[in-house]
Amino acid sequence: MSTVHLKDGVDNLRVLDEAVHRRTIAVISHPDAGKSTLTEALLLHAHAIGEAGATHGKAGRRATVSDWMAMEKERGISISSAAIQFTHRGTIINLVDTPGHADFSEDTYRVLAAVDAAIMLVDAAKGLEAQTMKLFEVCRRRGIPLITMINKWDRPGGDALALMDEIEKRTGLFPTPLTWPVGESGNFQGLVDCDSGQYVRFHRTAGGATIASEDLLSASEGLEIAGASWEAAIEEASLLREEGHVHDESLFLSAASTPVLFGAAALNIGVRQLLDTLVEIAPPAESRADTSGRRRAVNSDFSGFVFKVQSGMDSNHRDRVAFVRVCSGVFERGMIVTHEPSGRPFATKHAQQMFGKDRETVDLAWPGDIVGLINATALRPGDTLFSGSPVVYPPMPRFQPEHFRTARSTDSSKHKQFRKGIEQLDHEGVIQVLRSDRRGDQTPILAAVGPMQFEVAAERMANEYRAPIAFDALPYTVACSIDADTAKVLAKHSSSEVTEATDGRLIALFPNEWKVKTLRREHPELKLDSVSAD
Ligand SMILES: Nc1nc2c(ncn2[C@@H]2O[C@H](COP(=O)(O)OP(=O)(O)OP(=O)(O)O)[C@@H](O)[C@H]2O)c(=O)[nH]1
Ligand SMILES: [Mg+2]
């Protein structure tokens, strides 16, 4: 293992240099827009995999590196975010494919706390769908620069100019196309490179498994080959250019404009252009604000924070992985850092680089990188790790759960496994585990953002912990954060239930909003706050 001494001026420069060559990016959108397919296509183009969809899904469906969970393969949807690192043109890209389904948005929100930019994927036929808008709002609040990719242009769908209008009207972002489609959606004949005016023609490959080779042709060749489609594309691209829709780095970085690219991820069209865009214009890893708003320079001592904890990624080892985003300094495997919440030293002996579910030992990591710390049982999402001067990064956003069920073991001989599994799901934090005096430890309450999280919990309990569970419905839809005095008052109200989260927070559950409103009116002194924190 090489040693890097940060006090040494030269190595300080090395950290800066490594940070400049890092991009940390999430792919976000409504379900099914093609995030996992695009992730796979980016890997293919960066030569990180030889063939797209090589790991097969159910019923011959194309599978992807990022959808590694059995349930993801079976259902063809992403359930859990997956981090992947690859290199393109000397730049290291840490890409996180996120689940689009609203039930899993807690995971996606956490990822957005850990990245420096995002690719907002838009299905050409559907435009800006509901969940895309929600995630866009999160990006806006956090000031995350967005690159827009209009996907599935091979299918009949929307009109390119109308999509630009929609983006501008609904997000307020000024769209600045970097590529423009030749041919209407459903008749994809290639791209105009808006900067050079060249025609990019693609040769499709069988099933989109390999890179679609491309020819870079002149405008006159474009006219010769694509005729009226070329003319229409040039006319539209010129119109936008005249109206000032031209990429401006500072507007993009301040999240005022969004570069737009067109493509078809499943056919690998427009993917190389996106990859180049990530290298050329996406922001590198930079200083990050701590809880007080102070920014810790990338070349100061090591610091990072946990944004995700996941177990069961490797069925042979049954271990758990804490994903750490490196914010400053150099991470050296084996280094002893401070675990900020406990103030205890933490040894980083088992550190790995993730590639979907595959991984390899990582000895050094730099600002922007995502490191998997294995079996780091003390780590929870949101925890800061540092060496040298102390720092605390903001906590992870927390969601308002709206679905509540009790979980019980259906196999009494599996009591230990049941406890262990529930505890692990609680530590991961995408489902919250609440305990109530009325029920005891045997039947914890699981609180979720969406009902699909229960299905995932049941499947994981059965498969990862060999502790099958059953749920019982609860008559609650609202959770409020309360204090001890409020708990005393609520104890007299049979329609609500006072519970305690593992971290000691008191949470009251109510059948509906109306009940909470009535209580507020009758007892204005009660503390009945939102559970969510953003
Ligand atoms: N025709 C066409 N189909 C595509 C394209 N990109 C993706 N698809 C298909 O769209 C479907 C959804 O793709 P995914 O990549 O799983 O979508 P996702 O955004 O990751 O979905 P979630 O993870 O569930 O949110 C799959 O059947 C893909 O093959 C494309 O460019 N053209
Ligand atoms: Mg997906």
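All ligand and atom numbering here is 1-based and tracks the order in the structure.
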* **salt_bridge(Asp116, Arg325) N-O dist < 4.0 Å** => yes
* Structure fact -> Restricting to heavy atoms, the pick from Leu267, Thr37, Asp154 nearest atom 1 (N) of ligand 1 would be Asp154
* Should Arg140 and Glu137 count as an ion pair when the cut-off is N to O under 4.0 Å? -> yes
* Asked: Do any nitrogen or oxygen atoms of Asp97 come within less than 3.5 Å of a nitrogen or oxygen of ligand 1?
  -> no
* Quick one: does ligand 1 sit under 4.0 Å from the side chain of Arg155, the backbone, both or neither, non-hydrogen atoms only? -> side chain
* So, Phe331 versus Trp366, ring centres under 6.0 angstrom or not? -> no
* **Proximity to ligand 1 by part of Asp32, non-hydrogen separation under 4.0 Å** => both
* Would you mind listing which atoms of ligand 1 come within a distance below 4.0 Å of any non-hydrogen atom of Ile77? => 24 (O)
* To do: List the atom of Phe252, the atom of Ala282, and the distance in Å for their closest heavy-atom pair.
  => CE2-CA, 4.1 Å
* Asked: Which ligand 1 atoms, with their elements, are less than 4.0 angstrom from a heavy-atom of Ala33?
  -> 19 (O)
* Distance filter under 4.0 Å to Gly34 heavy atoms, resulting ligand 1 atoms -> 7 (C), 13 (O), 14 (P), 15 (O), 17 (O), 18 (P), 19 (O)
* To do: Considering the heavy atoms of Ala266, write down every atom of ligand 1 situated less than 4.0 Å from one of them.
  => 4 (C), 5 (C), 6 (N), 30 (C), 31 (O), 32 (N)
* Any atoms of ligand 1 less than 4.0 Å from a non-hydrogen atom of Pro31? List them with their elements. => 25 (O)
* Examine Gly263 against ligand 1 and note whether any of their N/O atoms are separated by less than 3.5 Å. => no
* **SB check Asp276 Arg89 (cutoff 4.0 Å)** => yes
* **Atoms in ligand 1 flagged as close to Lys35, the criterion being non-hydrogen separation under 4.0 Å** => 15 (O), 17 (O), 18 (P), 19 (O), 20 (O), 21 (O), 22 (P), 25 (O)
* Asked: For ligand 1, is there an N or O atom under 3.5 Å from any N or O atom of Lys152?
  -> yes
* Flag the pair Asp472 and Arg405 as a salt bridge only when some basic side-chain nitrogen lies within less than 4.0 angstrom of an acidic carboxylate oxygen. => no
* Asked: Going by atom types alone, do Ser36 and Ser78 pair a side-chain donor with an acceptor below 3.5 Å?
  -> yes
* Asked: Near the Mg ion (ligand 2), is there an N/O/S atom from Ser66 that is less than 2.8 Å away?
  -> no
* If you measure from the Lys or Arg side-chain nitrogens to the Asp or Glu carboxylate oxygens, is any gap between Arg201 and Glu214 under 4.0 Å? -> no
* Would you check whether Leu38 has a nitrogen or oxygen atom less than 3.5 angstrom from a nitrogen or oxygen atom of ligand 1? => no
* Residues Glu428, Arg460: salt bridge by 4.0 Å N-O rule -> yes
* May I ask you to check whether Phe399 and Tyr109 place their ring centers less than 6.0 Å from one another? => yes
* Short N/O distance, under 3.5 Å, between Ser36 and ligand 1? -> yes
* Quick check: does Ser36 put an N/O/S atom under 2.8 Å from the Mg ion (ligand 2)? -> yes
* To do: State the atoms of ligand 1, each with its element, that fall below the 4.0 Å cut-off from a heavy-atom position in Ala264.
  => 31 (O)
* Would you say the side chains of His350 and Gln352 form a donor-acceptor pair under 3.5 Å? -> no
